[in-house]
Amino acid sequence: MRSIAGQVFAVQVVLVVVLIVVATVALVLQARNDSEQEAINRSTAVAQTFATSPGTATAMTSSNPSAVLQPRAEMARERAGLDFVVAANTHGIRYSHPLPQYIGKEVVADWQPAVRGKVVTETVDGPLGREVQATVPIRAADGKVVGVICAGMTAKDVSGRVKHQLPLVFGTAAGALALATGGTALVGGRLRRQTRGLGPAQMMRMYEHHDAVLHSVREGVLIVDDQGRLVLANDEARRLLDLPPDAEGRHVSGLGLDPRTEELLSSGRLATDEVHLAGDRLLAVNQRPTGWEGGQSGTVTTVRDTTELRDLSGKAEVAEKRLRLLYDSGAKIGSTLDIIRTAEELTEFAVPWFADYATVDLVEPVMRGNEPAGSVMRRTATSGVRPDHPLWPIGTLITYVSGAPQAFGFGAGRPVLEADLRAFGGWQVQDPEQAARIVDYGIHSMITVPLRAREVTLGLATFWRSEKAEPFDEEDVALTEELVARAAVAIDNARRYTREHAMAVTLQRSMLPQGLPEQDALEVAHRYLPAQAGVGGDWFDVIPLPGARVALVVGDVVGHGLHAAATMGRLRTAVHNFSALDLPPDELLGHLDELVTRFDQDQAAEDNDAPAITGATCLYAIYDPVTGHCTMARAGHPGPAVAHPDGTVTFPDVPLAPPLGLGGEPVETAELRLSEATRLVLYTDGLIEDRGRDVDAGLDMLKATLAGHPERSPERTCQAVFETMASPHPSDDIALLIARTRLLDPHAVTEWDIPSDPAAVAGIRTEADRRLAGWGLEEVGFTTELILSELVTNAIRYGSDPIRVRLLRGRSLIVEVSDSSSTSPHLRRAATTDEGGRGLFLVAQFAQRWGTRYTPNGKIIWAEVPLTGVAAPPLDEEDLLDQWDDVPG
């Protein structure tokens, strides 16, 4: 108890005991009050429930209320746990009571307010002793009060409830006391350890020796009074400020301090971490005002030596600056997948923050996306603070000689530092004249670092200093090595992307039409632009069809890259195969939809993670130059634009079917009548939709570009559309196909209706000879007669009326024989004993092409005869005449 800790412990224990006693009394009173209130609430609830229960009001007005109410009241009392439930009339006479002898006597309660309709709660002295009760009215159905119910408990029961809670209350109080005492003991123990058990007198003695502690700290302390006299200076302050031995008591102006420090100590103003010079030391000075006993005032000043801290802080700032440089480089170098741009970003980032000039030389194959090979490099990027530098310009081919530091760094895969270029260090052997110009220009220091990624050296990055006086050092080498390593990864990623992109472009272009087929129906021009992010699956095609007709196709495959290009090739091949069957557009797209679905099912069965083809789009159109009709259908693809000869532009309504592979809805066709010189414009969505342009804006722009220029050729129209609408860096592929329609000269078309009579064959041959002579095609007369005779004979023998013959003169002579039968002839080699079967074999021998196409009303057998010469049959004349026996004369 003699120590400070003991005295504090005693005071805390007394306070805790007093608080716990007060809290316990309060809890007991609160418990008593809560129990009494609970009794009142329960009594009120039971009384109201009994008063409003069915039959209570009726019993009050019956001939013998007690007989009805007494048992019910006792039952309610027992269930509710109350001591009594009493029913009385409006004069206060009891009809029920737990003690039957009190029935018929006046109830002990303030029952008059209850008769007037109020609820009364009170504590009274009743037959059972001190009672807590509630009195409520009993109302009849008309609302009239016919009696009262008085329910309650004895005070003894209420006190019993409180007594049941006292063990818990006292137990809690005891626990709190124990806990508080323990806590106080812990606090006292802690304080005892802190004060080492010292008493007040001992603490006073320790305080008297505070100056010993003050003088031992590693921070200078100065106390100056309001007159500017030094009152106190500890040993550290004397050392840091080099104070004289008799400094205390003297004015600060006579202590030989630095003028700034002297001004601060004399002024008494606030100061926080001000830097002051004391000889070769940098001091951090803090000053605050303070008061003295007796009303005197002054200041207390602390002085801390920060010379070493400043050095460390400077190094930390440099490290932080370099870390920030490396962090920023990750965001600014490699923002694109372009090799040259990535090299430029490296040089632009290094200048002028780190170097005055920077160059990047890449191995020549890297520029094309290939693996690095050889040592020939090309200057790819250069940046500098001035444009008139003597360094090699961009595009220069460089082969570093073996003595040059660049060659050593490239071969060893390590950076090379030339701190002073003015001294001969071997770097001048590459080009002594240029080396002299570099030194004369003022460039004095250089670091060359190989660009290495995935254990492969892609080139060199070289950094030069001229404006910055300090040369590069080893720390700069470490920084540039890290910076260049990050840039090398970005360049290698760009190289790999360039290679894949070039492969995809090559594949894509190899699968697109290499040249447009010769045909008479359309004048066609096209454009294709791959996306910046990667080659996609946009494609187009021009397919000649029988009867001088031409099919135009434009499609788009979902995704980018090699898979999209390969998928496009599969779809293009499928369209060629389906078009060879001469299917109408809706049927062709239906078959293509089924094919795409099967492709995806096969891919899923193989558990291939390649993207699905479902979602590809296609537009297929067939143009007939004889009639000028164009039939088209589309599956998920943008509709065409039509530029009419009068300069107007329309977007015809072509029914839209779901994209390929989705199915579910039939494909519908649209029929257009196109006059001659109409330009039909087919395109993919990359043309009209871009990052900054929606579809409607793109269609409006396309319409404005096409309108008003009917004289433009398809080639010039393609050029105008691309110049206006194609982005320099498109986010999606663009395919554009523009076809200007032609109509065959009516004099180049001849038609005849043929009766179903073999004798008509000779007449049709004569008419054909006459027409061929009029066209000046006598040299193909024999071949045409042979083909026409066979086709007409087959139609008469195996077909059905009506039979019709049509000759079309274009780049070739087209012979068409139609009938209403859907049976198609088949080519076969007739046996020696066969009477027929040799006709189609002859047709196949003499015709350039032949085939069958079906129409809604039958079929057409067609054959093309070249106009530039007749195909020589592989048979001799005798064999040919032997097989001619089935042609009627």
Side-chain angles (χ1 to χ4, degrees), residues 508 511-513 522 524 526-528 530-531 535-545 549-560 563-600 603 611-623 630-642 651-672 680-689 695 732-739:
Q508 172 84 337
M511 292 185 176
L512 290 173
L522 300 167
V524 182
H526 59 85
R527 290 288 189 279
Y528 172 74
V535 174
D538 291 15
W539 56 285
F540 61 89
D541 219 332
V542 179
I543 306 173
L545 298 177
R549 298 169 305 138
V550 175
L552 301 176
V553 193
V554 176
D556 187 358
V557 174
V558 178
H560 295 86
H563 181 268
T567 301
M568 177 273 292
R570 299 170 74 183
L571 293 184
R572 180 169 177 253
T573 301
V575 170
H576 267 272
N577 293 335
F578 289 141
S579 65
L581 301 176
D582 209 352
L583 299 175
D586 54 343
E587 292 185 22
L588 186 143
L589 291 182
H591 287 298
L592 198 61
D593 178 80
E594 295 176 0
L595 184 65
V596 168
T597 302
R598 189 161 63 251
F599 282 163
D600 282 344
Q603 182 171 292
I613 306 176
T614 298
T617 65
C618 184
L619 185 149
Y620 188 84
I622 297 178
Y623 174 69
C630 181
T631 305
M632 64 178 62
R634 59 181 177 139
H637 201 83
V642 177
F651 294 95
D653 184 15
V654 179
L656 179 62
L660 300 175
L662 298 180
E665 295 184 16
V667 182
E668 300 181 25
T669 60
E671 297 281 348
L672 305 179
L680 186 62
V681 182
L682 309 181
Y683 50 87
T684 56
D685 56 359
L687 179 69
I688 59 174
E689 187 176 8
V695 175
D732 194 8
D733 287 20
I734 300 176
L736 176 64
L737 185 65
I738 298 180

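- Side-chain contact annotation: Asp556 with His637, donor-acceptor N/O pair under 3.5 Å absent.
- When every heavy atom of Pro585 is checked against every heavy atom of Thr669, the shortest pair comes out as CB-CG2, 4.4 Å.
- Between Ile543 and Val575, some side-chain heavy-atom pair lies under the 4.5 Å cut-off.
- Here the side chains of Val596 and Leu571 are in contact, with some heavy-atom distance below 4.5 Å.
- Rounding to the nearest 0.5 Å places NE2 of His591 at 9.5 Å from CG of Asp586.
- Counting all heavy atoms, side chain and backbone alike, Asp582 lies closest to Leu545 at OD1-CD1, 4.3 Å.
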Pairs under 3.5 angstrom only: tabulate donor-acceptor contacts from the side chains of residues 652-659 to other protein residues two or more places apart or in another chain.
none

Note to self: Is there a side chain to side chain contact (heavy atoms under 4.5 Å, CB included) between Asp685 and Asp732? Walk through the geometry before answering.
What the structure shows: CA-CA 8 Å; Asp685 56 359; Asp732 194 8; 3.2 Å; yes
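- The nearest pair of heavy atoms linking Leu592 to Ala574 is CD1-CB, 3.8 Å.
- When side chains are defined from C-beta on, Leu736 counts as touching Val681, because their heavy atoms get closer than 4.5 Å.
- Side-chain contact check for Cys630 versus Ile622: every heavy-atom pair is 4.5 Å or farther apart.
- Closest of all the heavy-atom pairs between Leu662 and Asp593 is N-OD1, 3.5 Å.
- Of all non-hydrogen atoms in Gly639 and Tyr683, the two that sit nearest each other are O-OH, 2.7 Å.
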Checklist line | Step-by-step side chain to side chain contact (heavy atoms under 4.5 Å, CB included) determination, Leu672 to Met632 | finding: CA-CA 8 Å; Leu672 305 179; Met632 64 178 62; 3.7 Å; yes
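- By the 4.5 Å heavy-atom criterion applied to side chains, Leu660 and Cys618 are counted as neighbours.
- If you check the side chains of Tyr528 and Asp733, you find a donor sitting under 3.5 Å from an acceptor.
- Taking both residues in full, the closest heavy atoms of Tyr620 and Leu588 are given as CZ-CD1, 3.6 Å, listed atom of the first, atom of the second, then distance.
- Annotation: side chain of Leu552 is in contact with side chain of Leu522 (closest heavy-atom distance under 4.5 Å).
- Inter-residue side-chain proximity for Leu619 and Pro640 is flagged as met; some heavy-atom pair is nearer than 4.5 Å.
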Open item on the list: Show, in sequence, the C-alpha distance, side-chain angles and deciding distance for Arg570 and Phe599, and conclude whether the side chain to side chain contact (heavy atoms under 4.5 Å, CB included) test is met.
Closed with: CA-CA 10 Å; Arg570 299 170 74 183; Phe599 282 163; 3.1 Å; yes
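- Residues Asp541 and His576 form a side-chain contact, since some pair of their non-hydrogen atoms from C-beta on lies under 4.5 Å apart.
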Could you walk me through whether Thr684 and Phe540 pass side chain to side chain contact (heavy atoms under 4.5 Å, CB included), step by step? CA-CA 9 Å; Thr684 56; Phe540 61 89; over 6 Å; no
